[in-house]
Amino acid sequence: MNTQNDKTPTILRKIVDRKWQEIEQRQRTSSLADLKARAGDQPGTRGFAKALRQRIEASKPAVIAEIKKASPSKGILRDPFEPAQVAESYEKGGATCLSVLTDHDFFQGHEDFMVAARNACSLPVIRKDFMVSPYQIYESRSIGADCILLIAACLTRGQMQELEGIAYETGLDVLVEVHNSEELDDALTLSTPLVGINNRDLHSFEVSLETTFNLHQLIGPERLVITESGIMTRTDVETMTGRGIYGFLIGESFMRAPDPGAKLQELFA
Ligand SMILES: O=P(O)(O)OC[C@@H](O)[C@@H](O)c1c[nH]c2ccccc12
C-alpha cells in the first residue's frame, strides 16, 4: 500500500516516501507483533485531549509547546538542543501539552527526544511525525506517546479513518491537521475533537494566519481548534483569542529563545 495521491505536496511526497522506507527497515528489528505487545504493556496515557479541553472550554489559552531541533524550511533552530531541559522549562512556563518532533531525516528529531522530554515533566505529549502506517501508531504507543498527529495533506480520508481507529484502540488521542477546506472535509469525518489548522502552506512554506481565520468558521463548536505555525508575538496570540481561538501549537519562537518557558510566559502573560 502507498499513501501517495494527487493532493500530496512535493516536500510531503519526499517525506512520505522516506517514511515507508523507514518503516520497512524498522520492521526488520521490531515486528508489528512485538510493537503491539509493547503497546499493550504501557500504563495509561496522560490525557492529551482532556488537558486541552479543560482550558479551551474555559476560554483559557491552551499551549502545545513544541520541541523541534530543526525544520526543512528554517534549518537548525536550537543548538545546543536539550529536550529534557526544554520540557521542564515549558512545564514551568505553563504549557498545557508538549509536541516533540521524532522525524530523523527532515526535522533532526528522534524517538529518544520524545521519551526524554516526557520523562522530564508531567505533561501529555504528542509524537510529531508523519503517520502513514498502522505500524507507526503501535510504535508511538509503545514508546509512551499520549497522542499522534494525522496530516490530512498526506493521507486519504480512508487512511485517516483507519489510523484513527487504531490510535483509539491503543488508547492514543488524535490531532488531525488541515490547511484547506478539502482537507477539513476529510478531517471532519473523524471522531477526534482535536482539529489543527496549519498556517504554513506545505508547498511554499509560506505562513498566513488567515488560514486559521478562514477555516475556523467552518468548524462546529464540538471540536477543539488548534492554530498551528507562525505564532510569534503577543499580537498574534491576542488576534487569535480575540476571535475565540484558544488552542495553540508553537515551536520556532520558543525554540529560538534562550529560555523557552519564559518566552511562553511572555507571549501569554
Ligand atoms: O515552529 P512554528 O512555526 O511555531 O510551528 C509549529 C508547528 O505548527 C509546526 O512545527 C508543524 C505543524 N504541522 C507540522 C507537521 C509536521 C512537522 C511540523 C509541523
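As the structure lists them, so they are numbered: ligands from 1, and atoms in each ligand from 1. Just so you know, these numbers use all the heavy atoms, side chains as well, and skip hydrogens, waters and symmetry mates. Predicted model only: the values in this text are computed from it and were never measured.
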Counting heavy atoms only, name the option from Glu66, Glu252, Glu228 that's nearest to atom 7 (C) of ligand 1. Glu66

Answer with yes or no whether Ile231 contacts ligand 1, where contact means a heavy atom under 4.0 Å from a ligand atom. no

Where does the angle between the aromatic ring planes of Phe248 and Phe268 fall among parallel (under 30°), tilted (30 to 60°) and perpendicular (over 60°)? perpendicular

Partners meeting salt bridge (Lys or Arg N to Asp or Glu O under 4.0 Å) with Arg127 (sequence neighbours left out): Glu111, Asp129, Glu139

Using the six-membered ring of Phe213, assess whether NZ or CZ of Arg243 lies under 6.0 Å from its centre and within 45 degrees of the ring axis. yes

Using a 4.0 Å cutoff against the non-hydrogen atoms of Ile151, which atoms of ligand 1 qualify? 15 (C)

Students should be able to answer this: which protein heavy-atom is nearest to atom 4 (O) of ligand 1, and at what distance? Gly251 N, 2.8 Å

Any N or O of Ser229 closer than 3.5 Å to N or O of ligand 1: yes

When you measure from the side chain of Gln159 to the backbone N and O of Leu155, does any donor-acceptor pair fall under 3.5 Å? no

The option among Arg200, Glu177, Lys68 carrying the non-hydrogen atom nearest to atom 3 (O) of ligand 1 is Arg200

Can you list the atoms of ligand 1 that are under 4.0 Å from a heavy atom of Gly230? 2 (P), 3 (O), 4 (O)

Pull out every atom of ligand 1 sitting under 4.0 Å from any heavy atom of Ile250, numbered as shown with elements. 4 (O)

Please determine whether ring-ring contact (aromatic ring centres under 6.0 Å, His included) holds for the pair Tyr90 and Phe254, giving the CA-CA distance in whole Å, both sets of side-chain angles, and the decisive distance to 0.1 Å. CA-CA 9 Å; Tyr90 277 154; Phe254 296 161; 5.6 Å; yes

Are a donor atom and an acceptor atom from the side chains of Glu164 and Thr192 found within less than 3.5 Å of each other? no

Protein residue, atom and distance nearest to atom 18 (C) of ligand 1, heavy-atom basis: Lys128 NZ, 3.4 Å

Report the nearest protein non-hydrogen atom to atom 16 (C) of ligand 1: residue, atom name, distance rounded to 0.1 Å. Phe130 CZ, 3.4 Å

Minimum heavy-atom separation for Arg38 and Ser142, please, with both atom names. CB-CB, 3.8 Å

among protein heavy atoms, the one nearest atom 17 (C) of ligand 1 is Phe107 CZ, 3.4 Å

Under a 4.0 Å heavy-atom limit, does Phe254 contact ligand 1 with its side chain, its backbone, both, or neither? neither

Mind checking salt bridge (Lys or Arg N to Asp or Glu O under 4.0 Å) for Glu177 and listing every partner two or more places apart, or none if nothing turns up? none

Looking just at side-chain N and O atoms, do Asn198 and Ser229 make a donor-acceptor pair shorter than 3.5 Å? yes

Regarding ligand 1, does Leu101 bring an N or O atom to under 3.5 Å of one of the ligand's N or O atoms? no

